Amino acid sequence: MFQVCASGMKSIMLGAQALQTGSQEVVLAGGMESMSNVPYYMKRGQTPYGGVQLVDGVVLDGLTDVYNKVHMGNCAENTAKKLGITRQQQDEFGISSYKRSAQAWQNRVFNSELVPVSVPQKKGQPDTVVSEDEEYKRVNFEKFGKLATIFQRENGTVTAANASTLNDGAAALILTTRAAAERLNLKPLARIVGFADGPCDPIDFPIAPATAIPTLLQQTGVNKNDVALWEVNEAFSVVVLANQQLLEIDPGKVNVPGGAVSVGHPIGMSGARIVVHLVHALKPGEKGVASICNGGGGASSVMVERLLDQSWANKRPKLTLYTRDPCPLCDDLKAELVPYLELVDIQTVDISKKENLRWLRLYRYEIPVLFFNGEFLCKHRLNEELLRQKLTALKSNYQ
């Protein structure tokens, strides 16, 4: 489905509705976007004398307000003017986003929600493994305030630095019902408390979350002060500043590890990404709200609550190792796990066995793959730092 920036989040909402109606028991929901591969368009028909004009697919399909026939950056400028949000405020927010993202990466905040991607190279060369976002490093704070405005030359406020960037990315979640989770022996990380959409005038789309979030809070009966974390997509810095102002929410709880200004905004992916992050960032029992505006005058919002899995309260955590024989890398990882044998139970799954064919299809080229209490931990090599974080967090949750 396509709902511009809200597509990834809308897929989660549609997946949840499929579970609620009983039409599905398990749903894979999310979104992706490869903005670097979006083509230029050429009109059909005979090529006229003098050549043709190519149209940028990213701008036409993703960044244009179809009602007012302007770039969405012009809508951001309109919001800044209406609410009195200055260029300096937006630059300060953008700088803060980059610094918060850098700090989050340094603290391994995203480790549990990322899966490395192997990119095949030319024959004979090893795969390039992408395991860390690059965008947050591409910043020069000295030039931040000196860049020209893009959409409004005179007295403009939006620049390339305080707006999100063009990026590739994908995010996904597995949704299921309580009954299906129990039957399949699954251990959910969080539950969807509720979701809602909100409309506004198309040119005011940057403030659409301020219409969706109150509806969500009313439907769920949750007070905004009881929301532990907020994720408001940073399509532009002014989007977050405007919605913080209109909703009167604590900026210290909003986009704590940075956002789209510093890590990028692959249009179809971002709505799912901010939900994924909330699921991993919340502490057991805490609620979080993710909201994202979309061109055309709308926004989607989802509230999730991190679950406390009581089934692990009185037992040691379980590591599941997907391996095969022979596998030198698997042997190395097993050796690295020796110091933790008194703290965890280890289950080994040989993917080469006939009964494990489904795991062979998944992990043939990935082993060794390690899960912690049913949640992906690492592959190829042991991520000891993340394992220790998981063990520490689990211990504190049950004290």
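Remember, it's a predicted structure, so these values are computed and weren't measured experimentally. All values below come from the heavy atoms of this structure, side chains included, with hydrogens, waters and symmetry mates left out. Quick note: residue numbers are just sequence positions, from 1.
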> Looking at V369 and K379, what are the two nearest heavy atoms and their distance?
Replying inline: CG2-CB, 4.1 Å
> Pairs in or reaching into residues 118-162: which pass ring pair (Phe, Tyr, Trp, His ring centres under 6.0 Å), with residues at least two apart or in two chains?
Replying inline: H71-F151, W105-Y136
> Is any side-chain heavy atom of L216 less than 4.5 Å from a side-chain heavy atom of V222?
Replying inline: no
>> I'd like to check V27 versus T176 (side-chain heavy atoms, cut-off strictly below 4.5 Å). Are they in contact?
In response: no
> Would a hydrophobic clustering, with Ile, Leu, Val, Met, Phe, Trp and Tyr connected at side-chain separations under 4.5 Å, put I85 with I203?
Replying inline: no
> Are N255 and E234 linked by a side-chain donor-acceptor pair shorter than 3.5 Å?
Replying inline: yes
> For A299 and A212, which heavy atoms make the closest approach, and how far apart are they?
Replying inline: O-CB, 3.8 Å
> Is NZ or CZ of R324 both nearer than 6.0 Å to the six-membered ring centre of Y365 and within 45° of the ring axis?
Replying inline: no
> Sequence neighbours excluded, which residues qualify as disulfide bond (SG atoms under 2.5 Å apart) partners of C330?
Replying inline: C327
> So do V58 and L166 actually touch side chain to side chain, heavy atoms under 4.5 Å?
Replying inline: yes
>> To the closest 0.5 Å, what do you measure between CG (L387) and SG (C378)?
In response: 7.5 Å
> Between the side chains of Y340 and E384, is a donor N or O closer than 3.5 angstrom to an acceptor N or O?
Replying inline: yes
> Roughly how far apart are M72 CE and N78 CG, rounded to 0.5 Å?
Replying inline: 14.0 Å
>> Starting from L241, can I reach V232 by hopping between I/L/V/M/F/W/Y residues whose side chains sit under 4.5 Å apart?
In response: yes
> Which pairs pass salt bridge (charged side-chain N to carboxylate O under 4.0 Å, His left out) with one or both residues in residues 104-118, sequence neighbours excluded?
Replying inline: R108-E385
> Of the non-hydrogen atoms in L382 and L333, which two are nearest, and what is the gap between them?
Replying inline: N-CD1, 3.8 Å
> Going by the salt bridge (charged side-chain N to carboxylate O under 4.0 Å, His left out) test, which pairs reach into residues 10-27, not counting sequence neighbours?
Replying inline: K10-D197, E25-R183
> Okay, side chain of S101, backbone of S262: is any donor-acceptor separation there less than 3.5 Å?
Replying inline: no
>> Working to the nearest 0.5 angstrom, can you tell me the gap between K334 NZ and I346 CD1?
In response: 9.5 Å
> Should R138 and E135 be marked as a salt bridge (charged side-chain N to carboxylate O under 4.0 Å, His left out) after you check the CA-CA gap, both sets of side-chain angles, and the distance that decides it?
Replying inline: CA-CA 5 Å; R138 299 170 179 168; E135 185 59 45; 3.4 Å; yes
>> Take a 6.0 Å sphere around CD of E375 and say whether it holds more than 12 heavy atoms from other residues, nucleotides or ligands.
In response: yes
>> Can you confirm whether the side chains of D56 and Y41 place a donor and an acceptor under 3.5 Å from each other?
In response: no
> How about V26 and T177: do any of their side-chain heavy atoms sit closer than 4.5 Å?
Replying inline: no
>> Please enumerate all residues that pass side chain to side chain donor-acceptor pair (under 3.5 Å) together with E286, with sequence neighbours excluded.
In response: none
>> Could you walk me through whether H280 and F110 satisfy the ring pair (Phe, Tyr, Trp, His ring centres under 6.0 Å) test, starting with their C-alpha distance in whole Å, then the side-chain angles of each, then the deciding distance to 0.1 Å, before giving a yes or no?
In response: CA-CA 8 Å; H280 289 271; F110 301 115; over 10 Å; no
>> Test of understanding: clusters of I, L, V, M, F, W, Y form through side-chain heavy atoms closer than 4.5 Å, transitively. Do F93 and V158 belong to the same one?
In response: yes
> Between N233 and V239, which heavy-atom pair has the shortest distance, and what is it?
Replying inline: O-CG1, 3.6 Å
>> Just to verify, what does D65 make a salt bridge (charged side-chain N to carboxylate O under 4.0 Å, His left out) with, not counting sequence neighbours?
In response: none
> Does the T64 side chain pair with the main chain of V59, one donor and one acceptor, at a distance under 3.5 Å?
Replying inline: yes
> With side chains defined as the heavy atoms from C-beta onward, is the minimum distance between V349 and T320 less than 4.5 Å?
Replying inline: yes
> Same cluster for L229 and L173 if Ile/Leu/Val/Met/Phe/Trp/Tyr side chains link at under 4.5 Å?
Replying inline: yes
>> Set out, in order, the CA-CA distance, both residues' side-chain angles and the distance that settles salt bridge (charged side-chain N to carboxylate O under 4.0 Å, His left out) for E77 and K81, then state yes or no.
In response: CA-CA 6 Å; E77 287 284 12; K81 182 178 180 180; over 6 Å; no
> Rounded to the nearest 0.5 Å, what separation is found between the CG atom of N155 and the CZ atom of R153?
Replying inline: 13.5 Å
>> Please say yes or no: joined through hydrophobic side-chain contacts below 4.5 Å, possibly via intermediate residues, are M269 and V4 part of one cluster?
In response: no
> Do Q152 and N74 get their side chains close enough for a donor-acceptor pair, meaning under 3.5 Å?
Replying inline: no
>> If you count every heavy atom of other residues, nucleotides or ligands that lies below 6.0 Å from E342 atom CD, does the total exceed 12?
In response: no
> Can you name the closest pair of heavy atoms from K283 and R306 and give their distance?
Replying inline: O-CB, 3.4 Å
>> Distance check, rounded to the nearest 0.5 Å: F376 atom CZ versus S112 atom OG?
In response: 10.5 Å
> Shortest non-hydrogen contact from V261 to Y98?
Replying inline: O-OH, 3.2 Å
>> With rounding to the nearest 0.5 angstrom, report the OG to CD1 distance, S301 to I292.
In response: 10.0 Å
